[in-house]
Number of protein chains: 2
Amino acid sequence: MSKPPTVAISAEDVPCCAPMAYERIPAEVSGTLAQAFKALGDPIRLQLMSMIASAEGGEICVCDLTPAFTISGTTVSHHLKVLREAGLVDAERRASWVYYRPRPGLMRQLSALLAVDEPARA
Amino acid sequence: MSKPPTVAISAEDVPCCAPMAYERIPAEVSGTLAQAFKALGDPIRLQLMSMIASAEGGEICVCDLTPAFTISGTTVSHHLKVLREAGLVDAERRASWVYYRPRPGLMRQLSALLAVDEPARA
DNA sequence: CGGTGGTTTCGACATGCGTCGAGGTTGACA
DNA sequence: TGTCAACCTCGACGCATGTCGAAACCACCG
């Protein structure tokens, strides 16, 4: 039991931040970064992530997420777990409800990684 | 047969660009965007993408990509196809060699999508 | 014209992943 | 304490995906 139950990686552990247009991504961190991109690589997870990231008050209840989709609550829970283990969101139980909150650290790193020079518009 | 064979999407067709922290991603475009993220959601593809994006001269030969990995050339070709169909890279054959080039448009959109406010550091 | 090297496609296989139903856990409330 | 609602875990089911070898394709060069 050398690892906590749910939180797999902390966003701050990713030792890579330079835009990939400038610097090649080292093989050692490509796995961790790819896990985050893969977590966003599903239409439902991407919508979940955007609902969490744009939530008023910085957090949103699972009970507000589930009815936005036609899939079962079980599957929503599974997708949220993927986002959680990728380090993109954080969950907290309060009373009977579970609230999800974005983790801006990793999002910023991914955004920086994809950054490109200003278009050399003629 | 309403879709062309190989080129799935053109980056400019993605009608979404506002940061997901501000605006929820519409369900209609989540599939296209998720396809791009999914393409980056593999360690090898992420390294391939970074090698292409950071290539000197703006392009790189497949013959320079393949020896950087231990997997077969067949598999490298497959991964490049995924990046191509996601709209992240472009390929051009010149003489006997094929050169890959990044497509900054979609990369910029993905980066903008993940953009977050400056950290409210105390 | 045939051969050679670079690249992609094809067909096959094992693994991974999205989905669900059933059941478990947690907390609220009477 | 019993019940109920919200959420998660477990186990299972197909489909998608990463991987490879063989073969096809393309461009150059004897």
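Each chain gets a letter, A, B and so on, in the order the sequences are listed, and its residues count up from 1.
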Verify the contact: side-chain N or O of Ser77(B) to OP1 or OP2 of dT8(C), cut-off strictly under 4.0 Å; return yes or no.
yes
Heavy atoms only, 4.0 Å cut-off, all strands: where does Arg94(A) land among base, sugar-phosphate and nothing?
nothing
The nucleotide from dA27(D), dT7(C), dT9(C) with an atom nearest the side chain of Cys61(B) is dT7(C)
Calculate the interatomic distance between Arg93(B) atom CZ and dA24(D) atom C1'; express it in whole Å.
12 Å
Expressed as a whole number of angstroms, how long is the span from Trp97(A):CH2 to dC8(D):C1'?
17 Å
From the set dT9(D), dC20(D), dT19(C), return the single nucleotide nearest to any side-chain atom of His79(A).
dT19(C)
Can you tell me if the side-chain N/O atoms of Lys38(B) get under 4.0 Å from OP1 or OP2 in dC17(C)?
no
Here the distance between atom C1' of dG6(C) and atom CG of Leu80(B), to the nearest Å, is 13 Å
Has the side chain of Ser50(B) got a donor or acceptor atom that lies under 3.5 Å from a matching backbone atom of Arg24(A)?
no
Less than 4.0 angstrom from a charged side-chain N to a carboxylate O is my criterion; do Arg101(A) and Asp90(A) meet it?
no
Starting the side chain at C-beta, find the nucleotide from dG6(C), dC10(C), dC7(D) nearest to Thr74(B).
dC10(C)
Can you tell which of dA27(D), dT9(D), dC20(D) lies closest to the side chain of Ser72(B)?
dC20(D)
Main-chain N/O of Val62(A) paired to Thr66(A) side chain as donor or acceptor, under 3.5 Å
yes
Please check this pair: side chain of Ser111(B) against backbone of Ser111(A), looking for a donor-acceptor N/O pair closer than 3.5 Å.
yes
Given dG18(C), dT17(D), dA22(D), identify the nucleotide with an atom nearest to the side chain of Asp42(A).
dG18(C)
Side chain of Tyr100(B) - closest among dA6(D), dT8(C), dG21(D):
dT8(C)
